[in-house]
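Take a look at the structure set out below.
Heads up: numbering here begins at 1 and tracks the sequence.
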Amino acid sequence: FAIGPVIYDVIGSPPDLSSFEPLIGNLGGLLGIIVFGWAMGGFAEEILFRGYLMRNLADLFGGKDAAWWGAALLSSLLFSLPHLYQGVGGAIQTGLLALVSAAFFIKGGRSLVPLILAHGILNTVSFTSIYMGWGWG
């Protein structure tokens with residue numbers, strides 16, 4: 001919520017969330033996407049990008065501290081690419097959030113549990129905001 005306005009000011013392009021517009025006032029859609037958001041976003045994406053990709057990239061880069069930070073940067077960039085459907089602003093915002101998650105992963109003992117919870121909660125709050133119509137009209 002803090003990063004979005006800064007990105008908009010810098011690049012002049014807010015995230016394009018129009019694909020989520022059918023969620024506005026749609027309780028069934030909201031409940032379905034929350035379940036999907038926890039399963040895919042909270043669980044699968046964290047396991048894939050932080051748990052698997054970051055670990056393997058860090059090993060590939062030598063396993064030292066610098067290797068972990070390089071893996072954080074590269075995995076965050078790769079994480080942003082599937083979010084290009086949200087426009088450049090959405091991809092940048094997602095990439096920066098991924099980098100913050102990667103930093104917490106590195107500094108937090110490389111535990112995925114807090115990241116899975118944070119990702120799931122962020123998705124839930126974001127989708128609920130869309131459901132409520134906040135930011136539209």
Side-chain angles (χ1 to χ4, degrees):
F1 298 104
I3 292 174
V6 173
I7 292 170
Y8 177 72
D9 286 345
V10 171
I11 68 168
S13 176
D16 176 8
L17 302 177
S18 61
S19 62
F20 296 107
E21 195 166 356
L23 285 179
I24 297 173
N26 178 351
L27 183 59
L30 172 65
L31 296 176
I33 202 160
I34 285 175
V35 169
F36 182 80
W38 273 88
M40 293 305 297
F43 189 74
E45 286 181 349
E46 292 304 327
I47 287 175
L48 176 63
F49 284 93
R50 255 64 67 198
Y52 177 78
L53 185 61
M54 262 187 73
R55 287 179 195 272
N56 284 301
L57 286 172
D59 287 346
L60 181 67
F61 298 154
K64 306 269 190 235
D65 282 346
W68 278 98
W69 291 108
L73 286 170
L74 185 54
S75 68
S76 297
L77 173 65
L78 293 172
F79 185 82
S80 73
L81 296 178
H83 295 86
L84 277 169
Y85 74 93
Q86 296 177 8
V88 173
I92 291 171
Q93 181 174 326
T94 302
L96 290 174
L97 288 170
L99 188 57
V100 169
S101 293
F104 277 105
F105 181 65
I106 292 168
K107 291 301 204 178
R110 300 184 187 127
S111 174
L112 288 173
V113 173
L115 298 179
I116 290 168
L117 293 173
H119 197 149
I121 290 168
L122 177 63
N123 284 348
T124 300
V125 170
S126 298
F127 294 140
T128 301
S129 295
I130 293 168
Y131 167 79
M132 300 296 290
W134 299 336
W136 262 276

Please confirm whether the backbone N or O of [Y] pairs with a side-chain atom of [X], one donor and one acceptor, at under 3.5 Å?
X: Ser80; Y: Gly95; result: no
X: Arg55; Y: Arg110; result: yes
X: His119; Y: Gly41; result: yes
X: Thr94; Y: Ala91; result: no

May I ask whether [X] and [Y] are part of the same hydrophobic cluster, defined by side-chain heavy atoms of I, L, V, M, F, W, Y residues being less than 4.5 angstrom apart, directly or through others?
X: Met40; Y: Tyr52; answer: no
X: Phe36; Y: Leu122; answer: no
X: Ile121; Y: Ile33; answer: yes
X: Ile11; Y: Leu97; answer: yes
X: Met132; Y: Val125; answer: yes

Side chain proximity check, [X] to [Y], heavy atoms < 4.5 angstrom:
X: Gln86; Y: Phe20; answer: yes
X: Ile92; Y: Val10; answer: no
X: Thr128; Y: Ile34; answer: yes

Minimum-distance pair of heavy atoms, taken over all atoms of [X] and [Y]:
X: Ala67; Y: Ala58; result: CB-O, 3.5 Å
X: Phe79; Y: Ala98; result: CD2-CB, 3.4 Å
X: Gly37; Y: Asn123; result: O-ND2, 3.1 Å
X: Ala72; Y: Ser76; result: O-OG, 2.7 Å
X: Ile130; Y: Ile24; result: O-CG1, 3.3 Å
X: Leu112; Y: Phe105; result: CD2-CE1, 3.7 Å

With rounding to the nearest 0.5 angstrom, report the [atom1] to [atom2] distance, [X] to [Y].
X: Ser75; Y: Leu48; atom1: OG; atom2: CG; value: 9.5 Å
X: Thr124; Y: Tyr131; atom1: OG1; atom2: OH; value: 14.5 Å
X: Leu30; Y: Phe127; atom1: CG; atom2: CZ; value: 9.0 Å
X: Ile47; Y: Leu115; atom1: CD1; atom2: CG; value: 11.0 Å
X: Arg50; Y: Ile116; atom1: CZ; atom2: CD1; value: 10.5 Å
X: Glu21; Y: Asp16; atom1: CD; atom2: CG; value: 10.0 Å

Is the CZ atom of Phe61 crowded by more than 12 outside heavy atoms at less than 6.0 Å?
->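 Counting other residues, nucleotides and ligands, CZ of Phe61 exceeds 12 neighbours.
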Atom OH of Tyr85: over 12 foreign heavy atoms under 6.0 Å =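 Result for OH/Tyr85: enclosed.
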Chi angles and distances behind the side chain to side chain contact (heavy atoms under 4.5 Å, CB included) call for Leu78, Leu81 = CA-CA 5 Å; Leu78 293 172; Leu81 296 178; 4.1 Å; yes
Run the side chain to side chain contact (heavy atoms under 4.5 Å, CB included) check on Met54 and Phe49 step by step: do they pass?
-> CA-CA 6 Å; Met54 262 187 73; Phe49 284 93; over 6 Å; no
